[in-house]
Amino acid sequence: MSAFVINRLLQAVLVLFVMSVLVFVGIYLVGDPISMLVSPEATDLERDAVRESFGLDRPIFVQYVTFLGSALQGDFGRSFLTGEPALQLILERMPATVELVGFAMFFSVVIGVPLGIIAGLRPEAAYSKIIMTGSIFGFSLPTFWVGMVLIMFFAVQLGILPTSGRGETVQVGPIQLSILTLDGLRHLILPALTLGLTKASLIIRVTRAATREIQAMDYIKFARAKGLSSSRILRVHLLKNVLIPIITVAGLEFGQALAFAVVTETVFSWPGMGKLLIDSILTLDRPVVVAYVLIMVLFLVLLNLVIDLLYMVIDPSSREKVRD
Amino acid sequence: MSFTRSHLFASTAALLLACTPAIAEDLVIGTKSEPSSLDPQFHVLSPNMQVSLAIFEPLVRQDAQGAIEPLLAESWELASPTEWDFHLRDGVTFSDGTPLTAQDVVFSLDRVAKVPNSPTPFTLFTRQIAGVEALDDTTVRITTKQTYPNLTVDLVNLPIMSKAAASGDAPEGRTTTELNRGEGLIGTGPFTFSSWQKGADLVLEANTSYWGGAPDWDRVIMRPMTNPATRSAALLAGDIDMMEDVPTGSVDQIEGDPSVKIVSGPPARVIFIALDQDRDDSPGISGTEGENPLKIKEVREALFRAIDREGIVSRVMGGAAVAAGSLGTPNMFGTSAEHEVPAPADPERAAQLLEDAGYGDGFSITLGSPSGRYVNDARVAQTVAAMWSRIGVKTAVDAAAPPVFFKNRDQRAYSAYLASWGNNTGEIGTTLGAQLATYDKEASQGSANAGRYSNPELDALLSKASKTMDDDARAKLLEEADALAMSDFAILPIHFEVPSWGLRADLEYEARADQFTLPQNVTRSE
């Protein structure tokens, strides 16, 4: 068990190292941060002065080694654009994204799992076909378009929900939360719906497939033969086993959405990390991009670890496998 | 607007009217990007400058057209050609109640060079300043390194901070990080800092003791909304009162809604095509037996005359632009009158010019362009390419993401490239000096001249103008320089972008040449 965890963490270190090199070199190849950051009115001498003050005049590998040295001490450098520590900029924006993605995932599970089970239990029924067709729309429509349509309908036409922003927030310790106020919740609905729609569609399809597979299992047939009520079979035997693939998918989707909720955040002017990432890429603000990617890699690795540990709680047989 | 919303609004308004004599009102502005910092001396960037101009004030300011007018300095005179004496306005206090003195000015101008980690330091505007001293409490003497007529234009960008509030342990006093939190962020302007949540709302409050009278708005909220469609939707839904930069696609919708309107301003940023003129083997040119045809004036003229600017303005820019015949707008100081209106497109004449220059069979060229940096930039480049191809210059467009484009441009990988220049001085000299003066790194000349155009006659005129204090004489020299460059087809101006704002129908805003959104200038119509 602990060997398993340690093994995973070592892998994480390797992945972090490789990613940091890739991003560092990638940005270097794309362009020169100086030409994006410095006002065009500056002369070449003034440009050189800024280049020197950011250390960009040194060879790329020297820059990387310097970065690695301070990163190992937890210092990811200062944003070229704002002069603030890169890590702090990201952490400041994190609560908004976690809130949005958490809400969207909650929504997609609450909608997706029941619909998926219904469609899986009676695959031939008309309502199942409607659910499945609907789910195709759900993940094939572009998020950008869905977001704009929702804004146009609920905010501009009906005027019942706000178009953008995060609304009123409450300070809880060091972080700002908007789910605790009515105004904040109203602001959360449309972006969470937009983000959750694709996720819900995916969960519907996964749940349906798992339901159909498990329904054909011997233990379900046996439970039926024993004369258990169908609601008990559903709750105890089916649901518990369906949960395993759902946790995998939902976990991965959560991580994915957290790292790259860029489109939704841009459409709704949501002050999250995704928008920070895209802005930083556009201005070649390397310290922020590198710090962001590294934090996300770390987070996704840990998330996968948690998912694996959850398996063990739900599925005793996987506990055996890990022990081997 | 929906029934529910207007009904709710009406009842709330009625309730407010019943309670208070005057309605306390917020102004919510959807901006296209947020400031990188609140430190007024950290980063030369429009979103930063417009916020700092709401909290702080410089000695002099520009009006909407770009003309200089007094602000904290009531008047000024020259003690010698390099010594300027500025007399501070009486009765001005900072928002914390302390009076403005000459010491605050000295402190502020001294701080500029000390701010660390800046992506573009404000030393851009103190280049020519040799020293600043307080002659007495209300007089500041600024000494320039040489005769320098544009000092007041530079001062526009240097807001005055409170020495008492902004002093600190660091060499620069209050650090950028502290100022971002609002600590020491004390100015004499119409608004004071209230709160800033990065990526979301920046909230300003009225400075009730403002020397120019309390502003119209109790609170101003500046909300960054990078996606233009989101800004338009928010304006239409009534979530915001004003938006920056109306996208071409939303113009009809906003104009069709009686509750909102669009104001658009004087032409500003110029879009142009620069041509590589100092190398024989220019990259991207083929079919010329190793020669660079762009060195020949007739070829450049042919490329100039092949472009149908009115067509680009009406069909690609949706009317939100003005055809350009010079790098300077017609209202700019020193723009040559004969080049204010560009010659109309004349493909036959262009083809004839090519023939005369020995390129009757044409040649091939690659036109570089950023994609997504300026309004419809890549589409403008495509259109120009089609127009050039029509006269026999087979043009391929290489449109790249801005970081890649600028990297290529700086490495001089383009024979021709589309780019843009914003002039904040209101005088054409700085534009010509950056774009067309002979490139000289050490002398800081031609810093944006990636086409490497070089004309000693033009250099001489620009250098003479930059030291001429007399406005009329300077204007004449600059007009001569502009006319010289334009009749040599040194660079090909395309159009000027026209900035626009969308706002509630009952609000007024005078569109500004510097494209700033200044909340203090937004008023309710009577």
Side-chain angles (χ1 to χ4, degrees), chain A residues 27 30-50 53-54 78-85 89 92-93 96 144 147-148 151-152 155-160 162-166 169 176 265-272 275-276 278-279 281-284, chain B residues 1-6 8 30 33 36-37 39 42-45 116-121 123-124 127 176-177 180 197-201 223-227 229-231 233-234 236-240 372 401-410 421-422 424 430 434 441-442 444-445 447-448:
Chain A
I27 294 221
V30 168
D32 178 4
I34 297 300
S35 58
M36 296 306 294
L37 285 166
V38 179
S39 160
E41 284 163 63
T43 64
D44 285 354
L45 293 176
E46 286 164 334
R47 243 165 250 269
D48 287 350
V50 175
S53 78
F54 288 162
R78 282 174 183 272
S79 155
F80 293 155
L81 181 67
T82 66
E84 303 270 4
L89 285 177
E92 271 174 4
R93 301 280 194 106
F144 183 85
M148 280 323 291
I151 290 178
M152 280 304 168
V156 179
Q157 290 297 324
L158 297 180
I160 49 175
T163 49
S164 55
R166 206 173 162 207
T169 54
Q176 301 255 345
E265 288 185 0
T266 308
V267 173
F268 289 94
S269 300
W270 191 262
K275 252 180 97 216
L276 178 70
I278 202 79
D279 292 346
I281 291 176
L282 286 176
T283 48
L284 299 177
Chain B
M1 197 174 273
S2 73
F3 169 73
T4 344
R5 180 169 279 261
S6 39
L8 189 72
S33 56
S36 62
S37 169
D39 181 340
F42 176 68
H43 187 185
V44 181
L45 190 74
N117 302 321
S118 166
T120 303
T123 45
L124 223 62
R127 280 172 192 156
T176 300
T177 307
N180 282 345
Q197 199 199 339
K198 288 196 195 114
D201 292 359
R223 185 172 295 164
M225 306 172 102
T226 41
N227 176 18
T230 308
R231 289 201 297 275
L236 289 166
D239 284 356
I240 58 174
V404 179
F405 168 80
F406 287 109
K407 182 183 181 175
N408 289 341
R409 188 203 59 182
D410 291 347
W421 188 258
N424 282 340
T430 51
K441 184 172 172 176
E442 296 310 315
S444 295
Q445 264 193 57
S447 52

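No hydrogens, no waters, no symmetry mates; every other heavy atom, side chains included, goes into these values. Numbered from 1 within each chain, the chains take letters A, B, ... in sequence-line order.
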For this session: Pick one of side chain, backbone, both or neither for E41(A), based on which atoms fall under 4.5 Å of a heavy atom in chain B.
Result: both

Exercise. For chain B, which of V267(A), I151(A), T283(A) has the most heavy-atom pairs under 4.5 Å?
Worked result: V267(A)

Seminar exercise, completed: Residue from D39(B), N117(B), T226(B) scoring the most non-hydrogen pairs under 4.5 Å with chain A is N117(B)

Exercise. Which one of Q197(B), K441(B), H43(B), R409(B) has the most heavy-atom pairs closer than 4.5 Å to chain A?
Worked result: K441(B)

Exercise. Side chain, backbone, both or neither: which part of P116(B) has an atom under 4.5 Å from a heavy atom of chain A?
Worked result: neither

Seminar exercise, completed: d(R166(A) CZ, D201(B) CG) to nearest 0.5 Å is 11.0 Å

Exercise. Does any N or O in the side chain of T120(B) come within less than 3.5 Å of the main-chain N or O of S39(A), such that one atom is a donor and the other an acceptor?
Worked result: yes

Exercise. At a heavy-atom separation under 4.5 Å, does L284(A) approach chain B through its side chain, its backbone, both, or neither?
Worked result: side chain

For this session: Could I get the full list of side chain to side chain donor-acceptor pair (under 3.5 Å) partners for N408(B), not counting sequence neighbours?
Result: Y414(B)

Problem set entry | E442(B), part contacting chain A, at a heavy-atom distance under 4.5 Å | both

Exercise. Which value, rounded to the nearest 0.5 Å, describes the distance between D410(B) atom CG and I34(A) atom CD1?
Worked result: 10.5 Å

Exercise. S269(A) and R223(B): side chain to side chain contact (heavy atoms under 4.5 Å, CB included), yes or no, with the steps?
Worked result: CA-CA 9 Å; S269(A) 300; R223(B) 185 172 295 164; 5.6 Å; no

For this session: Select one option (side chain, backbone, both, neither) describing which atoms of S118(B) are under 4.5 Å from chain A's heavy atoms.
Result: backbone

Exercise. Given a strict heavy-atom distance threshold of 4.5 Å, which part of L276(A) is in contact with chain B: side chain, backbone, both, or neither?
Worked result: neither

Seminar exercise, completed: One should read off an interatomic distance between N227(B) CG and M148(A) CE, to the nearest 0.5 angstrom, of 6.0 Å

Exercise. Within the side chain of T82(A), is there an N or O that forms a donor-acceptor pair under 3.5 Å with the backbone of S36(B)?
Worked result: no

Problem set entry | Choice from D32(A), L81(A), T266(A) maximising heavy atom contacts with chain B below 4.5 Å | L81(A)

For this session: Could you grab the distance from atom CD of E46(A) to atom OG of S447(B), nearest 0.5 Å is fine?
Result: 8.5 Å

Seminar exercise, completed: Residue from P121(B), S37(B), A448(B), A233(B) scoring the most non-hydrogen pairs under 4.5 Å with chain A is A233(B)

For this session: Could you tell me which portion of A200(B) (side chain, backbone, both or neither) has an atom closer than 4.5 angstrom to a non-hydrogen atom of chain A?
Result: both

Problem set entry | Region of V30(A) that comes under 4.5 Å of a non-hydrogen atom in chain B | both

Exercise. Heavy atoms, side chains only, cut-off 4.5 Å: are L282(A) and P402(B) in contact?
Worked result: no

Exercise. Could you go step by step and tell me if T230(B) and T163(A) meet the side chain to side chain contact (heavy atoms under 4.5 Å, CB included) rule?
Worked result: CA-CA 7 Å; T230(B) 308; T163(A) 49; 5.5 Å; no

Seminar exercise, completed: To the nearest 0.5 Å, atom CZ of F268(A) lies from atom CE of M225(B) at 11.0 Å

Exercise. In terms of heavy-atom proximity below 4.5 Å to chain A, should R231(B) be classed as side chain, backbone, both, or neither?
Worked result: neither

